[in-house]
Amino acid sequence: NGDIMVVIVTAAKTLPREKEFVKMLRAKLPKVVSVQQNIQTYHNNVIMGRDTKLLWGKSTILDSIGRLNFHISPRSFFQVNTDQAEVLYNKALEYADLSGSETVIDAYCGTGTITLFLAQKARKVIGIEIVKPAILDAQKNARDNNVRNADFLVGDATIVMPRLYKQGVRADVVVVDPPRAGCTPTVLETFAQMKPERIVYVSCDPATLARDVKRFSEQGYEGVRAEAVDLFPRTAHVETVVLLKRSG
């Protein structure tokens with residue numbers, strides 16, 4: 001809708017002349033509706049820190065993919081190319097091949113984008129995400145879109161997946177959209193133990209995708225379809241969706 005959120009990442013906890021800075025931004029960029037400060041004090045390669053302070057305006061901005069609306073906070077992952085994101089998520093939904101009776105697990109769910117797409121055709125969807133603000137956004141997104149068959153859990157998929165398995169949760173379909181590093185062996189093994197009929201793997205890194213598809217093949221799953229979706233024109237990056245089915 002054209003709204004802009006500005007997130008200033010600082011190494012210090014205070015932002016000098018904070019009010020004047022916000023006033024200047026609003027004057028230069030009339031569509032800014034949110035100005036936030038993220039504090040990253042660690043000397044590492046992680047861009048954003050854990051603490052975020054609202055300097056002015058709204059705590060989230062609103063965007064839409066298809067007929068679904070999504071609240072986005074500073075630390076929530078969200079595809080900025082929303083036109084192609086809709087193509088990507090519809091492809092994941094097509095590969096999931098849902099009839100309405102399935103329980104689906106969406107690991108690394110972010111703000112619940114793929115989760116809510118899946119919920120349109122599944123009996124129940126469980127979304128897992130390690131970033132708590134993203135889960136809070138996902139829960140709000142589910143309420144605002146009147147989606148009642150989606151549950152969201154905060155935690156590392158490496159820990160949450162084995163816990164769900166011990167609790168007796170079994171998924172008919174698993175969808176995974178991990179960060180660039182791919183899935184951990186523990187997550188892959190738990191997926192295989194649950195014995196879903198289909199696994200849909202959405203990846204932003206072909207190298208870790210190839211590694212994990214090989215690992216899935218060792219757990220009894222075969223890659224049967226794959227399609228690339230270009231969300232980043234004129235770059236070397238591409239998103240890929242792979243459908244894996246349980247052998248036999």
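Just so you know, these numbers come straight off a predicted model, no measurement behind them.
Residues satisfying the side-chain contact (heavy atoms from CB on, under 4.5 Å) criterion with Val33, sequence neighbours excluded, are Asp3, Lys58, Ile61. Scanning for side-chain contact (heavy atoms from CB on, under 4.5 Å) contacts around Arg143 gives Gln139, Lys140, with sequence neighbours left out. Looking at residues two or more places apart in sequence or on another chain, you find a side-chain contact (heavy atoms from CB on, under 4.5 Å) between Gln167 and Arg163, Leu164. Asp205 is linked by a salt bridge (Lys or Arg N to Asp or Glu O under 4.0 Å) to Arg180, counting only residues two or more places apart in sequence or in another chain. Shown here are the side-chain contact (heavy atoms from CB on, under 4.5 Å) partners of Ser73, two or more places apart in sequence or in another chain: Thr60, Ser76, Pro133, Asp137.
Asn141 places a side-chain N or O within donor-acceptor distance of the main-chain N or O of His71, the cut-off being under 3.5 Å. Without hydrogens or angle criteria, Gln37 side chain to Leu55 main chain gives no donor-acceptor distance under 3.5 Å.
Counting heavy atoms from C-beta outward, Glu94 and Val241 have side chains that stay 4.5 Å or more apart. Proximity of Phe232 to Asn81: side-chain heavy atoms (C-beta onward) are nowhere separated by under 4.5 Å.
The hydrophobic cluster of Ile39 has no other members, since no ILVMFWY side-chain heavy atom comes under 4.5 Å of it. Residue Val131 belongs to a hydrophobic cluster whose other members are Ile130, with links defined by side-chain heavy atoms closer than 4.5 Å.
Side-chain polar atoms of Ser101 and Ser99 form a donor-acceptor pair below 3.5 angstrom.
Residues Cys183 and Val176 come closest through the heavy atom pair SG-CG2, 3.4 Å. The minimum heavy-atom distance between Ala119 and Val147, with the atom names listed, is CB-CG1, 3.6 Å. For the residue pair Gln84 and Leu231, the shortest heavy atom distance occurs at CB-CG, 3.7 Å. Pairing each heavy atom of Phe70 with each of Thr113, the nearest pair is CE2-CA, 3.5 Å.
Listed by first and then second residue, the salt bridge (Lys or Arg N to Asp or Glu O under 4.0 Å) pairs involving residues 186-202 are Glu197-Arg246 (not counting sequence neighbours). Applying the ring-ring contact (aromatic ring centres under 6.0 Å, His included) test to residues at least two apart or on different chains, none of the pairs has a partner in residues 129-180. Among pairs with a residue in residues 82-119, those fulfilling ring-ring contact (aromatic ring centres under 6.0 Å, His included) read Tyr89-Phe117, at least two apart in sequence or across chains. Evaluation of the side-chain hydrogen bond (donor to acceptor under 3.5 Å, both in side chains) test over residues 226-244, restricted to residues two or more places apart or in two chains, returns Gln79-Glu239, Lys91-Glu227.
When the shell of 6.0 Å around CZ of Arg50 is examined, it contains 12 or fewer heavy atoms from other residues, nucleotides or ligands.
When each of Asn149, Asp172, Thr103 is tested with Arg123 by the rule side chain to side chain donor-acceptor pair (under 3.5 Å), just one qualifies, namely Thr103.
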Donor-acceptor contacts under 3.5 Å from residues 15-27 side chains, at least two apart:
residue, atom, partner, partner atom, Å
Arg17, NE, Glu20, OE2, 3.3
Glu18, OE1, Lys53, NZ, 3.3

